[in-house]
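Everything on this sheet refers to the single structure shown next.
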Amino acid sequence: MNWIRYGSVLMLLGVALGAFGAHGLKDALTAEGKQTYQTAVLYHLVHGLALLAVGWLATLKPAESLVRAAGWAFVLGTVLFSGSLYLLS
């Protein structure tokens, strides 16, 4: 159940950061920066959806260590990949 919560939080943050980028940063970013920011939001949301899928799989196989490892990999991927793109933009 925790993976579903984590996925939901990631999705919430992805939507909020996407809205902030579209409205709050539209005059602050260059065209290249906007594209980088959009890529960060897209992958942020994709990782959030994947984490929701991990949560669903965890309900089917609660003792499976690979499901847990996949969940942490998606969390880490969001922080490292999307986070670096947010900073780059």
Side-chain angles (χ1 to χ4, degrees):
M1 189 60 86
N2 283 336
W3 294 119
I4 293 174
R5 287 185 186 130
Y6 297 155
S8 298
V9 168
L10 272 184
M11 294 297 291
L12 172 74
L13 289 173
V15 170
L17 287 169
F20 176 69
H23 302 289
L25 296 176
K26 69 178 177 182
D27 296 330
L29 295 176
T30 64
E32 183 180 330
K34 288 178 187 176
Q35 183 63 39
T36 302
Y37 195 89
Q38 287 177 349
T39 302
V41 170
L42 173 66
Y43 282 104
H44 186 142
L45 292 172
V46 169
H47 279 81
L49 285 174
L51 207 50
L52 290 174
V54 167
W56 174 70
L57 284 172
T59 62
L60 298 176
K61 297 189 178 257
E64 183 65 47
S65 63
L66 287 177
V67 173
R68 191 170 36 257
W72 285 116
F74 284 120
V75 170
L76 185 63
T78 304
V79 171
L80 293 178
F81 185 72
S82 293
S84 66
L85 289 177
Y86 286 131
L87 291 174
L88 183 63
S89 65

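A quick note: this is a predicted structure, and the numbers were derived from the prediction, not measured.
Aromatic ring orientation, Phe81 versus Tyr43: perpendicular (interplanar angle above 60°, classes split at 30° and 60°).
Of the possible donor and acceptor atoms, one in the side chain of Tyr37 sits under 3.5 Å from a partner among the backbone N and O of Leu17. Of the possible donor and acceptor atoms, none in the side chain of Ser82 sits under 3.5 Å from a partner among the backbone N and O of Val79. Using a distance-only test at 3.5 Å, with no hydrogens or angles considered, no donor-acceptor pair links the side chain of His47 to the main chain of Val75.
Two different hydrophobic clusters hold Leu80 and Phe74 under the rule that ILVMFWY side chains link at heavy-atom gaps under 4.5 Å. Tracing side-chain contacts under 4.5 Å through hydrophobic residues (I, L, V, M, F, W, Y), one never reaches Trp72 starting from Leu66; they form parts of separate clusters.
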Tell me, with the steps shown, if Tyr86 and Val41 meet side chain to side chain contact (heavy atoms under 4.5 Å, CB included).
CA-CA 8 Å; Tyr86 286 131; Val41 170; 3.7 Å; yes
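A distance of 10.5 Å separates NZ of Lys61 from CH2 of Trp56, quoted to the nearest 0.5 Å. Atom CG in Leu49 sits 10.5 Å away from atom NE2 in His44 (nearest 0.5 Å).
Of the candidates Leu13, Leu52, Leu51, Ser8 forms a side-chain contact (heavy atoms from CB on, under 4.5 Å) with just one, namely Leu52. No option in Leu87, Leu29, Thr30, Leu85 other than Leu85 meets the side-chain contact (heavy atoms from CB on, under 4.5 Å) test with Thr36.
Heavy-atom minimum distance, Val15 versus Leu45: N-CD2, 3.9 Å.
Considering only heavy atoms from C-beta on, Gln35 stays 4.5 Å or farther from Glu32 through its side chain.
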